[in-house]
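What's counted below: heavy atoms across the whole structure, side chains too, no hydrogens, waters or symmetry copies. In this text, all values refer to a predicted model and were calculated from it rather than measured experimentally.
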Amino acid sequence: ESQRKLQSVRERFRRRADQSLLLWLYECWFAGAHVDVWLDSSEAQQLGCLSQDVAIDRGLGRRTGRHSLWMRLVGSVRAAYTAEELLLRRDSWSTRLEGVQYLTELSMADILFGNTQNSRCLDDLDRACCTWDTWQALRRSAPPLYAKALSSITWNRNLKVLKLKAFIWDYGLKPSSPAQDSSSYVETQPREQAACGDDPCTICHEELGRSTCELECGHEFHRECIRTWLLEHSSTCPICRDYAVLPAATPARNNSQPHKARPWKRSGI
């Protein structure tokens, strides 16, 4: 039983070779490492190359007692690295995926190592706010079209990173797209007309192409990617965190018509 549990943890949380440590940490949290995976020291030592980083993997079993995988990851990363060693500062990013990923990395570095209000968001990363340093780094590295869009936003200390990610992702890359007023951008984000063939699925990072599924929030993924995500990881959209579930069955044939998923709202929301 214990070995099956550990194998399941390895399959769910193993870091991809091309994935930065900060992005991997965020995905581990989002996949439930802080909620449903609890390990004692002996179990954590048997996880092997979970992070593909020797220093971090060796540190997972250092804490005695029973702790969530998330807290073991956080403790091991903090002991092995500093923010400067983990965060690769970008001079520029060119695609919306790169922009969202860079914002995630900036935010994660601040949550883990910064002396800001975000240090209190360790158990709920999506509560993090965009600090002035993060805002400046994002704007300086943005390509012209995104830099123009971001200039319509007035920074304040309560600007949520999650909302800013959704704004970047949903912004239409058309020169005629009007910049949103800073007071309303969260509610009325511009949305691209349709996914292009070379748009990435944010779950697998491959081109969308055929067999796509559009959630009620308007974000589109590979049909099988979002089905697996909603069934095994979270009941929310990976981009904006709106709640959604797929219908009981989706068409099996591979066609170019995107499948529409129905919304689901928790009571009281």
Knowing that exactly one of Thr116, Thr134, Thr131 qualifies, which makes a side-chain hydrogen bond (donor to acceptor under 3.5 Å, both in side chains) with Asp110?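 Only one option passes, and that is Thr116.
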Is there a continuous path of hydrophobic side-chain contacts, each under 4.5 Å between heavy atoms, that joins [X] to [Y]?
{"X": "Leu106", "Y": "Leu23", "answer": "no"}
{"X": "Leu138", "Y": "Leu162", "answer": "no"}
{"X": "Leu231", "Y": "Val35", "answer": "no"}

Checking side-chain hydrogen bond (donor to acceptor under 3.5 Å, both in side chains) for the pair His34/Asp124: CA distance, chi angles, key distance, verdict? CA-CA 9 Å; His34 63 305; Asp124 188 356; over 6 Å; no
For [X], does the [atom1] atom sit with more than 12 other heavy atoms under 6.0 Å from it, leaving out its own atoms?
{"X": "Arg66", "atom1": "CZ", "answer": "yes"}
{"X": "Arg16", "atom1": "CZ", "answer": "yes"}
{"X": "Asn115", "atom1": "CG", "answer": "no"}
{"X": "Arg10", "atom1": "CZ", "answer": "yes"}

Measuring from atom CG of Leu39 to atom CE of Met71, what distance do you get when rounded to the nearest 0.5 angstrom?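 If I round to the nearest 0.5 Å, the distance is 13.5 Å.
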NZ on Lys160 to OG on Ser107, rounded to 0.5 Å: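 Output value for this atom pair is 10.5 Å.
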Quick one: is the NZ or CZ of Arg241 closer than 6.0 Å to the six-membered ring centre of Phe30, and within 45° of its axis?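 The answer is yes; both the distance and angle limits are met.
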Ignoring hydrogens and angles, state whether a donor on the side chain of Glu98 or Ser94 is under 3.5 Å from an acceptor on the partner side chain.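 A pair is found: one side chain offers a donor N or O, the other an acceptor, under 3.5 Å apart.
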Carefully, step by step, assess Phe167 and Tyr146 under the rule side chain to side chain contact (heavy atoms under 4.5 Å, CB included). CA-CA 10 Å; Phe167 176 82; Tyr146 282 106; over 6 Å; no
